[in-house]
K.L.:
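Before I ask anything, here is the structure I am working with.
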There are 2 protein chains.
Amino acid sequence: MVRVRMADVAARAGVSTATVSMVLNGVNSTRISPQTQQRVREAAEAVGYKPNSVARSLRTQQTRMVGLISDTIATTPFAGRMLAGANDVAREQGHLVILVDTERDAVAERQALHALNGQRVDAIIYACMWHRVVEVPEGLPEDAVLLDCVAPAGGRAAVVPDERAGGMAAVRELVAAGHRRIAFLDAEERFDLVASRLRFEGYLEVLAEAGIEPDPALHVRAEPVASGGREAARRLLSLPVERRPTAMFCFNDRMAMGAYTAALHCGLSVPRDLSVVGYDDQQLVAAELDPPLTTVALPHYEMGRWAMEVALGLRQADPEVPHLMPCPIVRRASVSPPPAQFGD
Amino acid sequence: MVRVRMADVAARAGVSTATVSMVLNGVNSTRISPQTQQRVREAAEAVGYKPNSVARSLRTQQTRMVGLISDTIATTPFAGRMLAGANDVAREQGHLVILVDTERDAVAERQALHALNGQRVDAIIYACMWHRVVEVPEGLPEDAVLLDCVAPAGGRAAVVPDERAGGMAAVRELVAAGHRRIAFLDAEERFDLVASRLRFEGYLEVLAEAGIEPDPALHVRAEPVASGGREAARRLLSLPVERRPTAMFCFNDRMAMGAYTAALHCGLSVPRDLSVVGYDDQQLVAAELDPPLTTVALPHYEMGRWAMEVALGLRQADPEVPHLMPCPIVRRASVSPPPAQFGD
DNA sequence: CCCGGCTGTTTAATCGATTAACTGGAGGTT
DNA sequence: AACCTCCAGTTAATCGATTAAACAGCCGGG
């Protein structure tokens, strides 16, 4: 791999490097005669010239690289889509992304920030794998964009899923099918999930909208994994039939998976005897379940795109209010009208 | 954010930039008096000097960045662990990784290679999300490392999972529990998976080892997703009892998930009536199933580490033979001895 | 008293581009 | 003839580091 410099192109074309630079970058192109341009381009081709971005970056003071700091974004399944979204925009704009995974370690975050600063990246995105309120690391530039998290103090561009609207969409789906006894299988409070609170708000809002009195017994909490969902669902399904829910809105798809298991164990069939709606739209769970799960999708890809667009200045963001990205409902086959005796 | 240059440090310390450079890099440090060193360091601290890696890279001809090109690595759940492994090594070595997701698009790959070359990355890793034989893109440097794939022509450092040994481990687990009628729920051939062939080899090898005559009826193929596994398992479980398998080794965890469902539908309990072993160790599937699934883990993290270690020259690789990374078995609760009437 | 060697630091070249300022000559004007 | 305007480039400074080579003092030896 020989090093070909701009000077080599210039020598071969019999011009100065300034001319080569102008031609190849299309700057001031009116000032260079077409013949010369042609010669330069041929020379560049002939010697196999590839511009050195390091040198260019030094001179122009922009690197066309953006740093993406994340707590374990890469190691968690769904959040990869955020990366894909960010990456796509970056590519469209001729930028590269440097990914740093800090595993939530303050020291690693410090280091990452240092390294990215040293590389003089053009922008920084700070991403979380869950919707969270984060104490951003000291030294994070003012104009860094927060992805799937918000700063407690505000004042920073940020994008998060519209969990409240998502919760509403999920419950509306069930109400529309005719359900009135709708449980919410929530995550335990100790996980301190922003999403939990907001989805619950959405749940209550739609019940109110539909004139349904919320039954506290139907709001249960468990660890947000399959076994948690299973146990919670089991308890609900063992209620006397008139107090039993005909539908469950689950905090996430894994809990919904547990609800399926519980239903099966109770000899109930989904969706005939029990309708279920999940949240997250995790491919490996929602789509693979039997029957496929109706769920609310987390707009990771879109949030990734949004963050990168803001980072690159393609789009303006209001630093005072986090941008709420819609969570579309994904209809599959786990919702149907309630059994006849419960119908309205 | 003011720009502090080395010259500013030099001015404040009353020395030349050469001295500052030597002190801060610890080069020739015996030649600089302790007092001066002290003064330089204080000055650097006082003005908040942060070295500019772009300038350094230009001069030293190394960027301390490595490019990681992948087909959809980020968008697929398990492969994120490869990234984590690579990232960890990079960080330990003071390197940064530039991630490019090409979605298997040849044009995107070309572009990515161009961009990374332009950035003068110190090394390149080419990663796949599945174990595959790939036609590497033209222009991929000789010393690029292949991750989870091999080139048909060979001649390149590469690391892949040891699928054959993994298959052996899985089947040994079942044989050790006393099973003799062990099915292999394989992926369909049209998916053309290297893994499929190798795991099957491992399966046959262990049967031979145990003196079990392989029954062709127990080697079935289906789409490697839950529904495929469910149907395949259903067919096997509807065989007359003496020809029915007492255990299933599934090509992946999703198929195993399907096998669980089929067993449930047939009124069989896992592992009492049917033992199941999966492959991949996908957290969201294997660990969440009821009972938790015994499976073979794909060593993504370790492969990621290996690739980065080779890329950074920390470890030598034989370009003629791909490195085989062991796939450890993960024991959970889906294997038990066969029902009494089948015992040995 | 001059020379050589050592110490501690500086000078200046260099990495490979970008770009503001300049130039030499052709052509046009008055 | 003197002067101006374009044209088609070129010159040289610059980005911010690294590093080989040079250099200024000082000490000791002959």
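No experiment lies behind these values; they were computed from the predicted model shown.
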K.L.:
Could you point out which residue of A/Val97, A/Val145, A/Asn87 forms a side-chain contact (heavy atoms from CB on, under 4.5 Å) with A/Met308?
P.N.:
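Exactly one option meets the side-chain contact (heavy atoms from CB on, under 4.5 Å) with A/Met308, and it is A/Val97.
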K.L.:
Using atom CG of B/Leu24 as one end and atom P of D/dG16 as the other, report the distance to the nearest whole Å.
P.N.:
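Going from CG in B/Leu24 over to P in D/dG16 covers 16 Å.
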K.L.:
Using atom CE of A/Met22 as one end and atom C1' of D/dA12 as the other, report the distance to the nearest whole Å.
P.N.:
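Rounding to the nearest Å, CE of A/Met22 and C1' of D/dA12 are 13 Å apart.
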K.L.:
Would you name the heavy atoms of B/Ala127 and B/Leu68 that are closest together and state the gap between them?
P.N.:
CB-CD1, 3.8 Å
K.L.:
Taking 4.0 Å as the cut-off, does a side-chain nitrogen or oxygen of A/Gln61 come that near to OP1 or OP2 on D/dT14?
P.N.:
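False: A/Gln61 side-chain N/O out of range (4.0 Å or more) of D/dT14 OP1/OP2.
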K.L.:
Roughly, in whole Å, what's the span from CD in A/Gln35 to P in D/dA8?
P.N.:
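Checked: the CD to P distance equals 8 Å.
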K.L.:
Nearest-nucleotide wise, let me know which of B/Thr60 and B/Ser16 is further upstream toward the 5' end of DNA chain C.
P.N.:
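Nearest-nucleotide comparison on DNA chain C picks B/Ser16.
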K.L.:
C/dT14 C1' sits how many Å from A/Arg5 CZ, rounded?
P.N.:
11 Å
K.L.:
Does a side-chain heavy-atom distance below 4.5 Å link B/Leu83 with A/Asp101?
P.N.:
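The answer is no; the side chains never approach within 4.5 Å.
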K.L.:
Counting side-chain heavy atoms from C-beta on, which of C/dA12, C/dT9, C/dT18 comes nearest to B/Ala18?
P.N.:
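Selected nucleotide (nearest to the side chain): C/dA12.
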K.L.:
For C/dT7, take OP1 and OP2 only and decide whether either is under 4.0 Å from a side-chain N or O of B/Ser33.
P.N.:
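Result: no.
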K.L.:
Would you tell me if any nitrogen or oxygen in the side chain of A/Thr19 comes within less than 4.0 Å of OP1 or OP2 on D/dT10?
P.N.:
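Answer is yes, contact under 4.0 Å.
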K.L.:
Give me the atom names and distance for the closest heavy-atom approach of A/Met22 to A/Ile32.
P.N.:
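Nearest pair, atom of A/Met22 first, then A/Ile32: SD-CD1, 4.2 Å.
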K.L.:
Under 4.0 Å, heavy atoms only, any strand: does B/Val15 hit a base, just the sugar-phosphate, or nothing?
P.N.:
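Result for B/Val15 = sugar-phosphate.
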K.L.:
Decide whether A/Gln35 and A/Arg39 meet the rule of one side-chain donor and one side-chain acceptor closer than 3.5 Å.
P.N.:
no
K.L.:
Does a side-chain N or O from A/Asn28 land closer than 4.0 Å to OP1 or OP2 of C/dT19, or not?
P.N.:
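No, A/Asn28 has no side-chain N/O under 4.0 Å of OP1/OP2 on C/dT19.
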K.L.:
Can you check the A/Arg120 CZ to C/dA17 C1' distance for me, whole Å?
P.N.:
18 Å
K.L.:
Quickly work out the B/Asp8 CG to D/dG16 P distance and round it to whole Å.
P.N.:
9 Å
K.L.:
Mind calculating the distance between CD (B/Gln62) and P (C/dT14) to the nearest angstrom?
P.N.:
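Computing the B/Gln62:CD to C/dT14:P distance gives 21 Å.
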K.L.:
OP1, OP2 of D/dG9 versus side-chain N and O of A/Thr36: anything below 4.0 Å?
P.N.:
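For D/dG9, OP1 or OP2 has a side-chain N or O of A/Thr36 closer than 4.0 Å.
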K.L.:
When you check the phosphate oxygens OP1 and OP2 of C/dT18, does a side-chain N or O of A/Ser21 lie under 4.0 Å from one of them?
P.N.:
yes
K.L.:
To the side chain of B/Pro51, which of D/dA17, D/dG16, C/dT18 is closest?
P.N.:
D/dA17
K.L.:
Would you say the base of C/dG8 and the side-chain of B/Arg31 have a donor-acceptor pair closer than 3.5 Å?
P.N.:
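Answer yes: a donor N or O sits under 3.5 Å from an acceptor.
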K.L.:
Taking OP1 and OP2 of D/dC15, is either one under 4.0 Å from a side-chain nitrogen or oxygen of B/Asn52?
P.N.:
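Answer no for this pair, as no side-chain N or O of B/Asn52 is under 4.0 Å from OP1 or OP2.
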K.L.:
Expressed in angstrom and rounded to an integer, what is the separation of B/Asn25 atom CG from D/dT18 atom P?
P.N.:
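Spelled out: CG on B/Asn25 to P on D/dT18 is 4 Å.
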K.L.:
Yes or no on salt bridge (Lys or Arg N to Asp or Glu O under 4.0 Å) for B/Asp71 and B/Arg132, after CA distance, side-chain angles and deciding distance?
P.N.:
CA-CA 11 Å; B/Asp71 63 338; B/Arg132 279 215 315 260; 3.2 Å; yes
K.L.:
Donor-acceptor pair under 3.5 Å: do we get one between A/Arg59's side chain and the base of D/dT14?
P.N.:
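Indeed there is one.
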